[in-house]
Amino acid sequence: MDVYFPLSKRSRTSASGERFEQKKPSIEVLPDECLFEIFRWLRGGRERSSCACVSKRWLILVSNICKYEIRDNNIIQALNPKDESTNKKGGIVSEVEHNDVDSDGYFTRNLEGKKATDGGLAAIAVGTASRGGLGKLFIRGSSSWNRVTTVGLRAISRGCPSLRVLSLWNLSSIGDEGLCEIANGCHRLVTLDLCHCPAVTDKSLLAIAKGCPKLNDLTIESCANVGNEALLALACCCPNLKSVSIKNCPLVGDQGVASLLSSASYSLTKLKLQALNITDEMFSVIGHYGKSVTDLSLTSLPNVSDKGFWIMGNSQGLQKLKSFTIASCLGLTDRGLEAVGKGCVNLKQFYIFKCDLSDKGLVSFAKVAGSLESLQLEDCHRITQIGLFCSLLNCSAKLKVISLVNCLGVMDLTTGLPPLSPCESLQSLSIRNCPGFSDSSLAVMGKLCPQLQHVELRGLHGITDAGFLQLLKSCNAGLVKVNLKDCVNLSDKGVCRLTNLHRWTLETLNLDGCKISDASLFAIAENCRLLGDLDVSKCAITDSGIAALAHSDLINVQILSVSGCSMVSDKSLPSLRNLGKTLLGLNLQQCKAISRSAIDLLVQQLWRCNI
């Protein structure tokens, strides 16, 4: 029998005559294979975690032990019947201590920037394996710091078979080999998110498709080497896909996306396609096979013409579609928009961004979209005031929300409007950065929408107190949320009238950048019993206005912003302290008259308030 005898410790003499002690033999001289075999015999997660703390080498070795490679505790007990874990009756004292907890994937871990390393992933694999297992892993790399490689993903694959959600962003060092490791070990994976991973190709996604058949949520963004072959494999092996998002992948075309849709036509509910080389033929497939799709987003598809939208709408396959986004698709015209309205009979939310539509198309769409509840238009410059008002006159009785953002064609017109009848269903109106929208348009909007509760008028320099008062008089339901940010020509007169007419309903008020003074705060303090969120940033208010709010017995403001109010000084400290009884958030940024010491004192006194 070969027996290993360690060298005995004895003195040695060097050539120069100096005496030194020979070092003790170290376990580090053992090769990785021997250490790996030793670690396999450790009884529980606690022991393996302790070993992993010894060195980086041990950490990597322990993290590469799969669960099925760990020796059974029964075998260990049989080989060592006098083990300290056995009590007088021969039973195990603490079964929890020596046996791993079932890996159901309870834990979520995030690694970002410099923390995203192979060592960090190995530590996660060892630390979570015996404590319920890793369920969700998010890794966010960066262009300047990228140290996640196949070694780290191999540790996750071997130590975390319970992994269900994996998100990899900005990881140029991760390629096919790493993802193949995940496919081999994480068979429970249901969500995969790949963003800016240029080394990932079809090869690794083929492995994911075969190894992770339960996958139901797939996101691929800016992966230049992923193409149709990967999507064909996913379509074949993952029939339960529910959500698919593909963005900026130049090799993906009609064939790949069509295969996904056709194979998952009864399970796919969410589809997002952006910046892809797909054509009108693909839209025909969407219209035919999108039977279960409820959320559809189509963005920056330059090869799709109006014909594609027309075919998709007339295919009558999008019967369950409820939310639809069309952005930067210059091929969409009035004819295609009307066809979409007819084909999507259950459409509730519709968002259009940077599309070449006219008033005619908008009105035609409003007539046929019978279930529409929310309509948002952004950067649609051919839409005018006539199109807006006529669409409200012909819209669905269910329409509750309408929003216009940066629509330069919306300007005040006094001629060409048909007789007005109110749109009783509309509750929310948002007009932002439409420079042609002014008092006369606002007055007409008030007559059209008497049941408004939420009003957002941002960046409208043409709105004055006169037009705003007309709107206030028409709102019969009572305004709840009002946002007047950067309406520089609105003054105390309009705000005082608002607080008087809607004192019993107003809960949120944003006056950032308006031409108001302490008079508005006095009116708010006297009237607004339900107001909880108030923003008076960049306004000409003073310490007197803050004091009026603090001494009011009516209001209970929870969020207050006075950012950029140069006339609010340290004198407001007692008032702010008094308001702190109800405040949860306070914004004092760029209040130059408030000293740093006063802010530090407030932070100490208002400990439950986020300042």
Side-chain angles (χ1 to χ4, degrees), residues 216-219 235 240-247 254 257-274 276 278-301 304-329 331-355 357 361-378 380 391 394-403 425:
N216 60 38
D217 191 336
L218 174 66
T219 299
N240 297 318
L241 282 171
K242 296 180 180 179
S243 176
V244 173
S245 176
I246 306 175
K247 176 182 178 182
D254 291 346
V257 181
S259 63
L260 282 178
L261 276 169
S262 58
S263 65
S265 60
Y266 292 101
S267 62
L268 189 64
T269 59
K270 186 175 181 180
L271 178 63
K272 181 178 181 180
L273 306 176
Q274 180 173 347
L276 303 178
I278 60 177
T279 64
D280 294 339
E281 295 180 4
M282 182 62 241
F283 273 43
S284 175
V285 176
I286 295 176
H288 184 74
Y289 288 102
K291 299 175 182 179
S292 300
V293 175
T294 59
D295 190 339
L296 178 60
S297 178
L298 305 172
T299 305
S300 300
L301 304 175
V304 178
S305 66
D306 185 61
K307 178 183 177 181
F309 286 98
W310 185 87
I311 294 174
M312 182 178 64
N314 284 287
S315 297
Q316 301 295 318
L318 298 173
Q319 299 292 313
K320 295 184 179 181
L321 188 64
K322 295 181 179 179
S323 178
F324 196 4
T325 296
I326 303 177
S328 301
C329 292
L332 178 64
T333 64
D334 296 340
R335 187 183 72 143
L337 182 61
E338 184 179 2
V340 168
K342 290 180 180 179
C344 306
V345 294
N346 291 305
L347 185 63
K348 294 183 177 181
Q349 299 177 354
F350 193 33
Y351 173 64
I352 308 177
F353 173 71
K354 283 189 177 180
C355 292
L357 303 174
L362 182 61
V363 174
S364 299
F365 173 80
K367 289 180 180 179
V368 297
S371 300
L372 193 66
E373 295 180 0
S374 175
L375 176 62
Q376 301 179 61
L377 305 173
E378 184 172 355
C380 296
S391 61
N394 294 277
C395 70
S396 159
K398 299 179 181 179
L399 186 65
K400 298 178 181 179
V401 179
I402 190 166
S403 173
S425 62

Please tell me if the side chains of L377 and L357 come closer than 4.5 Å, counting only heavy atoms from C-beta onward.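 Side chain of L377 against side chain of L357, heavy atoms only: no contact under 4.5 Å found.
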
If the condition is side-chain hydrogen bond (donor to acceptor under 3.5 Å, both in side chains), which residues does D306 pass it with, not counting sequence neighbours?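 D306 satisfies side-chain hydrogen bond (donor to acceptor under 3.5 Å, both in side chains) with T333, R335 only.
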
Picking from L271, L347, V345, what satisfies side-chain contact (heavy atoms from CB on, under 4.5 Å) with L321?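 Exactly one pass, corresponding to L347.
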
Would you name the heavy atoms of [X] and [Y] that are closest together and state the gap between them?
X    : Y    : value
S297 : T299 : OG-OG1, 3.8 Å
L241 : S267 : O-OG, 2.9 Å
N314 : W310 : ND2-O, 2.8 Å
L318 : M312 : CD1-CG, 3.8 Å
H288 : S315 : N-CB, 4.1 Å
L372 : K348 : CD1-O, 3.5 Å

Which is it for V244 and L268 under the side chain to side chain contact (heavy atoms under 4.5 Å, CB included) test, yes or no, and what are the steps along the way? CA-CA 8 Å; V244 173; L268 189 64; 3.7 Å; yes

Can you list the steps and then say if M282 with V304 is a side chain to side chain contact (heavy atoms under 4.5 Å, CB included)? CA-CA 9 Å; M282 182 62 241; V304 178; over 6 Å; no

Between [atom1] on residue [X] and [atom2] on residue [Y], distance to nearest 0.5 Å:
X    : Y    : atom1 : atom2 : answer
S364 : D334 : OG    : CG    : 7.0 Å
L260 : S265 : CG    : OG    : 11.5 Å
L375 : S391 : CG    : OG    : 6.5 Å
L296 : C344 : CG    : SG    : 8.0 Å
K272 : L298 : NZ    : CG    : 11.0 Å
E373 : K400 : CD    : NZ    : 5.0 Å

I'd like to know whether CD of Q319 has more than 12 heavy-atom contacts from other residues, nucleotides or ligands below 6.0 angstrom.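 Result for CD/Q319: enclosed.
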
Flag if over 12 foreign heavy atoms under 6.0 Å of CZ, F324: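 Atom CZ in F324 is packed in, count exceeds 12.
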
Check side-chain contact (heavy atoms from CB on, under 4.5 Å) between S328 and all other residues, then give those that pass, not counting sequence neighbours.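 So S328 forms a side-chain contact (heavy atoms from CB on, under 4.5 Å) with S300, F353, K354.
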
Taking [X] for its side chain and [Y] for its backbone only, find out whether a donor-acceptor pair lies under 3.5 Å.
X    : Y    : value
N394 : V363 : no
S292 : T269 : no
T294 : K322 : no
S425 : L399 : yes

Using the side chain to side chain contact (heavy atoms under 4.5 Å, CB included) rule, take I278 and L301 through it: C-alpha gap first, then chi angles, then the decisive distance, then the call. CA-CA 7 Å; I278 60 177; L301 304 175; 3.9 Å; yes

Take the angle between the ring planes of F283 and F309 and call it parallel below 30°, perpendicular above 60°, tilted in between.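 F283 and F309: perpendicular rings.
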
